[in-house]
Structures are given as structure tokens and as C-alpha cells.
Amino acid sequence: MTTKKKKQILILVGIPMHAIAFMIKCLHIFDREPATLCLTLIQYTGMLLFLNGIHYFGTTYQYEKYPEESRQTVIDQNDERTRTIHDLAKARSFDIITYVLILLPFLLIEAKAGLTGILCAFAALIILGGSYGYYYRKFSKEM
């Protein structure tokens with residue numbers, strides 16, 4: 001698939017997806033909570049597709065218009081020092097999000113939030129722990 005087609009698909013699928021889900025949600029045709037949740041997810045997915053298409057359009061345009069600067073940017077991004085700084089920043093943010101996800105369910109319980117929100121917070125913590133265990137095992141085998 002060409003770059004132009006990718007841009008067009010992301011933008012032309014994202015806008016209607018977002019708009020239709022938003023209109024159906026605003027009309028209150030489906031008042032049940034699961035339907036509203038699905039419409040909200042479809043709406044945000046459409047918005048993210050559209051924004052990703054715009055971003056993709058901007059970056060490819062930039063690379064085509066200024067090839068020398070773009071080549072230097074790619075070299076700078078793949079520099080060892082830059083990669084180390086990036087990895088350290090990810091490690092710190094992972095540490096912080098771990099504590100946040102541990103505290104979140106208890107804060108939701110204290111705020112008397114719905115059971116769905118509390119279970120989602122616990123699920124996010126389990127997913128984080130599971131992904132950490134998976135990648136820890138994977139990378140320990142490689143080194």
C-alpha cells in the first residue's frame with residue numbers, strides 16, 4: 001500500500017467513524033450503558049485514526065520536502081546516547097505508573113465509583129504486571 005493511500009484511509013475512515021458515533025451518542029438512541037460505552041470507544045477510535053492520519057501526512061510531507069534535515073533527524077534519533085536517555089525515561093515513567101495503578105483502585109473505592117471502573121483499574125494493573133513479567137523473561141533469555 002502506498003503512503004498516499006495510507007494517509008487517505010486513516011483520514012477518510014477516522015472522520016466518519018468519529019462523527020457517526022458522536023451523533024448516535026448525542027441522539028440517545030441507545031440508552032443502555034454497554035451501548036454508550038461501545039459508541040464512546042468507536043468515537044475515540046475514529047478520532048485517533050484521524051489524528052494519526054494527519055500526523056502521518058505531516059511527517060511524510062516534512063521528509064519529502066526537507067530530505068537532508070530529515071536524514072539528520074533519523075541519525076540523531078538512533079544515536080546511542082539518545083536511545084539510552086529514552087530508555088531511562090521509559091523506566092522512570094514505568095516506575096511512576098506502577099505506583100499510580102496500585103493506588104488508583106483504592107482511590108476509586110474511596111470515591112465510591114462504580115464497580116466497572118474499579119475492575120478496569122485492577123485489570124490495568126494486572127496487564128501491566130503481566131507485560132512486565134513477559135518482557136522480563138523474554139529479555140533475560142536474550143542476554
Side-chain angles (χ1 to χ4, degrees), residues 1-108 111 113-143:
M1 186 180 298
T2 64
T3 303
K4 187 175 181 180
K5 274 212 185 288
K6 286 179 187 177
K7 292 183 227 178
Q8 289 172 345
I9 288 173
L10 286 172
I11 292 171
L12 295 177
V13 168
I15 291 174
M17 210 169 142
H18 174 73
I20 291 169
F22 180 71
M23 285 187 278
I24 291 173
K25 203 169 85 172
C26 288
L27 291 173
H28 299 287
I29 295 172
F30 305 106
D31 284 336
R32 302 183 137 263
E33 188 175 329
T36 305
L37 179 64
C38 287
L39 286 171
T40 303
L41 290 175
I42 291 170
Q43 177 186 357
Y44 287 139
T45 302
M47 179 181 58
L48 289 174
L49 284 174
F50 173 70
L51 291 175
N52 196 12
I54 295 294
H55 176 263
Y56 192 56
F57 175 75
T59 54
T60 54
Y61 175 76
Q62 193 73 15
Y63 287 151
E64 291 167 0
K65 188 170 181 184
Y66 304 107
E68 288 298 319
E69 290 85 358
S70 301
R71 198 171 307 120
Q72 184 61 38
T73 303
V74 170
I75 291 170
D76 291 342
Q77 285 177 347
N78 293 330
D79 183 39
E80 188 175 322
R81 183 173 181 270
T82 306
R83 295 301 314 158
T84 303
I85 291 169
H86 181 70
D87 291 342
L88 288 173
K90 273 186 177 179
R92 290 283 183 215
S93 64
F94 178 81
D95 292 341
I96 292 169
I97 200 67
T98 301
Y99 294 123
V100 168
L101 284 177
I102 289 171
L103 290 174
L104 185 63
F106 299 108
L107 291 173
L108 289 173
L115 184 62
T116 307
I118 295 169
L119 291 177
C120 286
F122 275 119
L125 184 59
I126 291 170
I127 290 169
L128 179 74
S131 65
Y132 174 75
Y134 170 77
Y135 285 113
Y136 183 81
R137 206 166 149 217
K138 178 182 173 185
F139 292 140
S140 65
K141 287 181 182 179
E142 289 179 3
M143 295 191 173

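Source: prediction; values computed, not measured. FYI, side chains are in, hydrogens and waters are out, and symmetry mates aren't considered; it's all heavy atoms of this structure.
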Tell me whether the count of non-hydrogen atoms from other residues, nucleotides or ligands lying under 6.0 Å of OH in Tyr56 goes above 12.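 Result for OH/Tyr56: enclosed.
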Phe122 atom CZ: more than 12 heavy-atom contacts under 6.0 Å:
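Yes, CZ of Phe122 has more than 12 neighbouring heavy atoms, counting only those of other groups under 6.0 Å.
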message: Evaluate Arg83 against Asp87 for side chain to side chain contact (heavy atoms under 4.5 Å, CB included), listing each step before the verdict.
response: CA-CA 6 Å; Arg83 295 301 314 158; Asp87 291 342; 4.1 Å; yes
For this session: List the steps and the verdict of side chain to side chain contact (heavy atoms under 4.5 Å, CB included) for Phe94 and Thr98.
Result: CA-CA 6 Å; Phe94 178 81; Thr98 301; 3.8 Å; yes
What's the spacing between [X] [atom1] and [Y] [atom2] if we round to 0.5 Å?
X	Y	atom1	atom2	result
Asp95	Arg92	CG	CZ	6.5 Å
Tyr44	Leu49	OH	CG	15.0 Å
Ile42	Ile24	CD1	CD1	8.0 Å
Phe50	Asn52	CZ	CG	11.5 Å
Leu37	Lys25	CG	NZ	9.5 Å
His28	Leu39	NE2	CG	11.5 Å

**Request:** Provide the closest heavy-atom pair for Leu10 versus Gly53 in the form atom of the first, atom of the second, distance.
**Result:**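 Minimum heavy-atom separation between Leu10 and Gly53: CB-CA, 3.6 Å.
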Item to check | Non-hydrogen atoms of Thr36 and Phe30 that approach each other most closely | outcome: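 Heavy atoms of Thr36 and Phe30 come nearest at OG1-O, 3.5 Å.
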Checklist line | Validation row: Ile11, Ile54 side chains within 4.5 angstrom (heavy atoms) | finding: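 Answer yes - side chains close enough.
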inquiry  = Going by side chain to side chain contact (heavy atoms under 4.5 Å, CB included), name the residues that satisfy it together with Leu125, two or more places apart in sequence or in a different chain.
reply    =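 Listed in chain order: Leu101, Ile102.
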* Mind checking what makes side chain to side chain contact (heavy atoms under 4.5 Å, CB included) contact with Ile126, not counting sequence neighbours? ->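 In terms of side chain to side chain contact (heavy atoms under 4.5 Å, CB included), with neighbours along the sequence ignored, Ile126 is linked to no residue.
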